[in-house]
Amino acid sequence: MSARVASGLWLSEGVSKTFMQFFDFYTLIFVAIAVFFFLRLRGVLGKRTGQERRPYDPYADKPKTGQKSSNDNVINLPKRSDGQDDTQKQIDEEVDPKTVALNKLIAPVLAVDPDFDPKEFVAGARVAYEMIVTAYAAGNRTQLKPLLSSEVYDGFEEAIAERESRSEAVDFTFVGIEKARIVGAEGDETELRLTIRFVSELISATRNQAGDVIDGSSSKVTEVTDIWTFARDPRERDPNWRLVATEAAD
(Lines give C-alpha, C1' and ligand atoms only; values in the text may rest on other atoms or scores of the structure.)
Protein backbone atom coordinates (compact mmCIF):
# COMPACT_ATOMS: atom_id res chain seq x y z
CA MET A 1 0.00 0.00 0.00
CA SER A 2 1.40 3.37 -0.95
CA ALA A 3 2.04 6.05 1.59
CA ARG A 4 -0.58 8.23 -0.09
CA VAL A 5 -3.24 5.54 0.06
CA ALA A 6 -2.24 4.66 3.60
CA SER A 7 -2.39 8.31 4.53
CA GLY A 8 -5.87 8.61 2.96
CA LEU A 9 -7.07 5.51 4.78
CA TRP A 10 -5.73 6.83 8.05
CA LEU A 11 -7.50 10.12 7.45
CA SER A 12 -10.75 8.33 6.65
CA GLU A 13 -10.45 6.19 9.71
CA GLY A 14 -9.59 9.25 11.77
CA VAL A 15 -12.59 11.19 10.51
CA SER A 16 -14.90 8.22 11.13
CA LYS A 17 -13.51 7.78 14.59
CA THR A 18 -13.88 11.47 15.32
CA PHE A 19 -17.46 11.44 13.97
CA MET A 20 -18.37 8.42 16.08
CA GLN A 21 -16.90 10.05 19.16
CA PHE A 22 -18.85 13.26 18.38
CA PHE A 23 -22.08 11.30 17.81
CA ASP A 24 -21.71 9.19 20.96
CA PHE A 25 -20.96 12.25 23.10
CA TYR A 26 -24.06 14.20 22.07
CA THR A 27 -26.23 11.12 22.02
CA LEU A 28 -25.36 10.55 25.65
CA ILE A 29 -26.22 14.15 26.45
CA PHE A 30 -29.63 13.91 24.77
CA VAL A 31 -30.36 10.61 26.46
CA ALA A 32 -29.38 12.07 29.82
CA ILE A 33 -31.64 15.09 29.28
CA ALA A 34 -34.54 12.87 28.22
CA VAL A 35 -34.11 10.65 31.30
CA PHE A 36 -33.90 13.72 33.54
CA PHE A 37 -37.17 15.20 32.26
CA PHE A 38 -38.89 11.81 32.34
CA LEU A 39 -37.97 11.37 35.99
CA ARG A 40 -39.08 14.94 36.80
CA LEU A 41 -42.44 14.46 35.09
CA ARG A 42 -42.94 11.11 36.73
CA GLY A 43 -42.13 12.64 40.08
CA VAL A 44 -44.69 15.40 39.60
CA LEU A 45 -47.50 13.53 37.88
CA GLY A 46 -47.11 10.23 39.63
CA LYS A 47 -47.38 11.47 43.20
CA ARG A 48 -50.50 12.19 45.28
CA THR A 49 -50.15 14.99 47.79
CA GLY A 50 -53.61 14.79 49.33
CA GLN A 51 -54.55 18.18 47.84
CA GLU A 52 -55.92 16.91 44.55
CA ARG A 53 -59.42 18.06 43.50
CA ARG A 54 -61.97 15.28 43.64
CA PRO A 55 -63.81 14.32 40.46
CA TYR A 56 -66.94 16.47 40.00
CA ASP A 57 -70.14 14.75 41.08
CA PRO A 58 -73.18 16.65 39.73
CA TYR A 59 -75.49 14.67 42.02
CA ALA A 60 -73.66 15.34 45.26
CA ASP A 61 -75.19 17.73 47.79
CA LYS A 62 -73.30 20.99 48.08
CA PRO A 63 -72.09 21.67 51.64
CA LYS A 64 -72.91 24.97 53.28
CA THR A 65 -70.09 27.45 53.65
CA GLY A 66 -68.12 26.83 56.83
CA GLN A 67 -69.86 23.53 57.61
CA LYS A 68 -68.88 19.93 57.11
CA SER A 69 -72.41 18.60 56.77
CA SER A 70 -73.76 17.95 53.29
CA ASN A 71 -77.27 19.01 54.38
CA ASP A 72 -78.44 22.36 53.09
CA ASN A 73 -81.64 23.91 54.38
CA VAL A 74 -81.39 27.28 52.69
CA ILE A 75 -82.49 28.44 49.32
CA ASN A 76 -79.30 28.11 47.36
CA LEU A 77 -79.01 31.64 46.02
CA PRO A 78 -76.27 34.24 45.86
CA LYS A 79 -76.02 36.50 48.89
CA ARG A 80 -75.89 40.28 48.93
CA SER A 81 -72.61 41.79 50.10
CA ASP A 82 -73.99 45.23 50.94
CA GLY A 83 -75.42 45.52 54.45
CA GLN A 84 -74.80 41.83 55.10
CA ASP A 85 -73.72 42.40 58.72
CA ASP A 86 -76.87 44.43 59.46
CA THR A 87 -79.04 41.79 57.83
CA GLN A 88 -77.46 39.00 59.87
CA LYS A 89 -77.94 41.01 63.05
CA GLN A 90 -81.60 41.47 62.19
CA ILE A 91 -81.98 37.75 61.48
CA ASP A 92 -80.34 36.92 64.81
CA GLU A 93 -82.85 39.16 66.56
CA GLU A 94 -85.88 37.85 64.68
CA VAL A 95 -84.98 34.15 64.60
CA ASP A 96 -83.79 32.62 67.84
CA PRO A 97 -83.71 28.82 67.50
CA LYS A 98 -83.46 28.50 71.30
CA THR A 99 -86.91 29.96 71.94
CA VAL A 100 -89.65 27.54 72.89
CA ALA A 101 -92.19 29.24 70.62
CA LEU A 102 -90.06 28.90 67.49
CA ASN A 103 -89.08 25.30 68.20
CA LYS A 104 -92.73 24.42 68.75
CA LEU A 105 -93.65 26.17 65.51
CA ILE A 106 -91.04 24.40 63.36
CA ALA A 107 -91.36 21.04 65.18
CA PRO A 108 -93.03 19.33 62.16
CA VAL A 109 -90.02 20.25 59.99
CA LEU A 110 -87.45 19.27 62.63
CA ALA A 111 -89.17 15.90 63.00
CA VAL A 112 -88.36 15.12 59.37
CA ASP A 113 -85.10 17.08 59.08
CA PRO A 114 -83.32 17.41 62.45
CA ASP A 115 -80.53 19.45 60.82
CA PHE A 116 -82.91 22.21 59.72
CA ASP A 117 -81.49 25.64 60.64
CA PRO A 118 -84.19 28.35 60.83
CA LYS A 119 -81.66 31.19 60.71
CA GLU A 120 -80.12 29.98 57.50
CA PHE A 121 -83.54 29.29 56.02
CA VAL A 122 -84.72 32.84 56.74
CA ALA A 123 -81.46 34.27 55.35
CA GLY A 124 -81.97 32.35 52.11
CA ALA A 125 -85.66 33.23 51.94
CA ARG A 126 -84.87 36.94 52.24
CA VAL A 127 -82.54 36.71 49.24
CA ALA A 128 -85.13 34.68 47.32
CA TYR A 129 -87.83 37.24 48.05
CA GLU A 130 -85.75 40.09 46.64
CA MET A 131 -84.75 38.11 43.56
CA ILE A 132 -88.32 37.00 42.83
CA VAL A 133 -90.01 40.42 43.16
CA THR A 134 -87.20 42.04 41.15
CA ALA A 135 -87.36 39.41 38.40
CA TYR A 136 -91.17 39.67 38.28
CA ALA A 137 -91.00 43.44 37.84
CA ALA A 138 -88.45 43.02 35.04
CA GLY A 139 -90.41 40.18 33.41
CA ASN A 140 -87.39 37.89 33.73
CA ARG A 141 -88.93 34.45 33.26
CA THR A 142 -85.55 32.69 33.15
CA GLN A 143 -84.67 33.84 36.64
CA LEU A 144 -88.12 33.17 38.03
CA LYS A 145 -88.64 29.60 36.82
CA PRO A 146 -86.16 27.73 39.05
CA LEU A 147 -87.35 29.61 42.15
CA LEU A 148 -91.07 28.88 41.81
CA SER A 149 -93.33 25.85 41.75
CA SER A 150 -95.00 25.23 38.40
CA GLU A 151 -98.35 26.58 39.67
CA VAL A 152 -96.88 29.82 41.01
CA TYR A 153 -94.73 30.25 37.91
CA ASP A 154 -97.79 29.91 35.66
CA GLY A 155 -99.52 32.69 37.61
CA PHE A 156 -96.50 34.98 37.44
CA GLU A 157 -95.96 34.25 33.75
CA GLU A 158 -99.59 35.02 32.93
CA ALA A 159 -99.40 38.38 34.71
CA ILE A 160 -96.16 39.24 32.90
CA ALA A 161 -97.65 38.27 29.53
CA GLU A 162 -100.72 40.46 30.15
CA ARG A 163 -98.49 43.39 31.05
CA GLU A 164 -96.45 42.88 27.89
CA SER A 165 -99.59 42.65 25.75
CA ARG A 166 -100.52 46.13 26.96
CA SER A 167 -96.97 47.39 26.25
CA GLU A 168 -96.53 48.32 29.90
CA ALA A 169 -93.26 48.42 31.79
CA VAL A 170 -92.39 48.59 35.48
CA ASP A 171 -89.86 50.91 37.06
CA PHE A 172 -88.80 49.03 40.18
CA THR A 173 -86.37 49.64 43.02
CA PHE A 174 -86.05 47.20 45.91
CA VAL A 175 -85.28 49.22 49.05
CA GLY A 176 -85.02 46.43 51.60
CA ILE A 177 -86.71 43.96 53.92
CA GLU A 178 -87.81 45.34 57.27
CA LYS A 179 -88.90 42.03 58.76
CA ALA A 180 -88.94 38.36 57.79
CA ARG A 181 -90.49 35.98 60.31
CA ILE A 182 -91.50 32.32 60.17
CA VAL A 183 -95.24 32.13 60.87
CA GLY A 184 -96.07 28.58 59.87
CA ALA A 185 -94.54 25.16 59.30
CA GLU A 186 -95.73 21.76 58.12
CA GLY A 187 -93.83 18.63 57.37
CA ASP A 188 -94.06 14.97 56.53
CA GLU A 189 -91.97 12.45 54.64
CA THR A 190 -93.10 13.80 51.27
CA GLU A 191 -92.98 17.59 51.72
CA LEU A 192 -91.69 20.28 54.06
CA ARG A 193 -93.50 23.65 54.01
CA LEU A 194 -92.51 26.87 55.74
CA THR A 195 -94.41 30.15 55.64
CA ILE A 196 -92.73 33.51 56.11
CA ARG A 197 -94.26 36.93 56.64
CA PHE A 198 -92.22 39.56 54.80
CA VAL A 199 -92.46 43.28 55.43
CA SER A 200 -90.52 45.07 52.69
CA GLU A 201 -90.04 48.53 51.25
CA LEU A 202 -89.93 49.19 47.53
CA ILE A 203 -90.51 51.78 44.84
CA SER A 204 -92.67 50.65 41.94
CA ALA A 205 -94.31 52.46 39.07
CA THR A 206 -96.08 50.97 36.05
CA ARG A 207 -95.78 52.98 32.84
CA ASN A 208 -97.83 52.71 29.67
CA GLN A 209 -96.43 52.65 26.16
CA ALA A 210 -96.19 56.47 26.16
CA GLY A 211 -94.11 56.38 29.34
CA ASP A 212 -96.78 57.81 31.63
CA VAL A 213 -97.12 56.42 35.16
CA ILE A 214 -100.48 54.64 35.37
CA ASP A 215 -99.98 52.85 38.68
CA GLY A 216 -97.74 53.33 41.71
CA SER A 217 -95.10 56.01 42.08
CA SER A 218 -91.61 56.44 40.68
CA SER A 219 -90.38 58.16 43.85
CA LYS A 220 -92.51 57.09 46.81
CA VAL A 221 -91.31 54.26 49.05
CA THR A 222 -94.14 51.84 49.73
CA GLU A 223 -94.31 49.29 52.55
CA VAL A 224 -95.58 45.90 51.39
CA THR A 225 -96.47 42.88 53.48
CA ASP A 226 -96.45 39.45 51.82
CA ILE A 227 -96.98 35.98 53.20
CA TRP A 228 -95.08 33.41 51.18
CA THR A 229 -94.83 29.65 51.57
CA PHE A 230 -91.75 27.73 50.49
CA ALA A 231 -91.56 23.94 50.13
CA ARG A 232 -89.22 21.13 49.25
CA ASP A 233 -89.36 17.36 49.02
CA PRO A 234 -87.09 15.81 51.72
CA ARG A 235 -86.75 12.66 49.59
CA GLU A 236 -85.03 14.59 46.81
CA ARG A 237 -81.28 15.23 46.74
CA ASP A 238 -81.97 18.81 45.66
CA PRO A 239 -81.91 20.85 48.92
CA ASN A 240 -83.40 23.99 47.41
CA TRP A 241 -86.74 25.42 48.50
CA ARG A 242 -89.27 26.77 45.99
CA LEU A 243 -92.04 29.29 46.38
CA VAL A 244 -95.35 27.37 46.31
CA ALA A 245 -97.89 29.94 47.53
CA THR A 246 -98.23 33.70 47.90
CA GLU A 247 -100.78 35.95 49.55
CA ALA A 248 -101.00 39.58 50.58
CA ALA A 249 -101.53 40.33 54.26
CA ASP A 250 -104.80 41.95 55.26
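Keep in mind the model is a prediction, meaning the values are calculated, not measured.
Here side chain to side chain donor-acceptor pair (under 3.5 Å) pairs that include residues 187-200, with residues two or more places apart or in two chains, are Tyr129-Ser200, Asp188-Thr190, Glu191-Arg193, Thr195-Thr229. Among pairs with a residue in residues 157-168, those fulfilling salt bridge (Lys or Arg N to Asp or Glu O under 4.0 Å) read Arg141-Glu157, Arg141-Glu164, Arg166-Glu168, at least two apart in sequence or across chains. Legend: salt bridge (Lys or Arg N to Asp or Glu O under 4.0 Å) pairs involving residues 204-214, not counting sequence neighbours, sorted by first then second residue: Asp171-Arg207.
Under the 4.5 Å side-chain heavy-atom criterion for ILVMFWY residues, a single connected hydrophobic cluster contains both Leu110 and Val122. Cluster membership for Val244 and Val109, using ILVMFWY side-chain heavy atoms within less than 4.5 angstrom, is not shared. Under the 4.5 Å side-chain heavy-atom criterion for grouping Ile, Leu, Val, Met, Phe, Trp and Tyr, Ile196 is not connected to Val183 through any hydrophobic cluster. Both Phe174 and Leu243 are members of a single hydrophobic cluster when ILVMFWY side chains are connected at heavy-atom separations under 4.5 Å.
Every residue was checked against the ring-ring contact (aromatic ring centres under 6.0 Å, His included) condition with Tyr153, not counting sequence neighbours, and none meets it. For Ala135, the side chain to side chain contact (heavy atoms under 4.5 Å, CB included) partners two or more places apart in sequence, or in a different chain, are Asn140, Gln143, Leu144. Among residues two or more places apart in sequence or in another chain, the salt bridge (charged side-chain N to carboxylate O under 4.0 Å, His left out) test is passed with Asp215 by none.
Shortest non-hydrogen contact noted between Ser217 and Ile203 is O-CG2, 3.5 Å. For the pair Leu105 and Ala185, the tightest heavy-atom approach, listed with the atom from each and the gap, is O-CB, 3.3 Å. The two residues Gly187 and Pro108 make their nearest non-hydrogen contact at N-CB, 3.7 Å. The minimum heavy-atom distance between Leu148 and Phe156, with the atom names listed, is CD1-CD2, 3.9 Å.
Taking the charged nitrogens against the carboxylate oxygens, Arg232 and Asp113 do have a contact shorter than 4.0 Å, which makes a salt bridge. Under a 4.0 Å N-O distance rule, the pair Asp233/Arg235 qualifies as a salt bridge.
Side-chain contact between Phe116 and Leu194 is present, with heavy atoms from C-beta onward closer than 4.5 Å. Using a 4.5 Å heavy-atom threshold, the side chains of Leu202 and Val224 count as touching. For the pair Thr222 and Ser204, the minimum side-chain heavy-atom distance is 4.5 Å or more.
Summarising the geometry, atom NZ belonging to Lys220 is positioned 12.0 Å from atom CD belonging to Glu201; distances are rounded to the nearest 0.5 Å. Taking CG of Leu192 as the start and CD1 of Ile106 as the end, the distance is 11.5 Å to the nearest 0.5 Å. To the nearest 0.5 Å, atom CZ of residue Phe230 and atom OG of residue Ser149 are 11.0 Å apart.
Between Trp228 and Phe198, the ring planes lie perpendicular to each other; the angle is over 60°, past the 30° to 60° tilted range.
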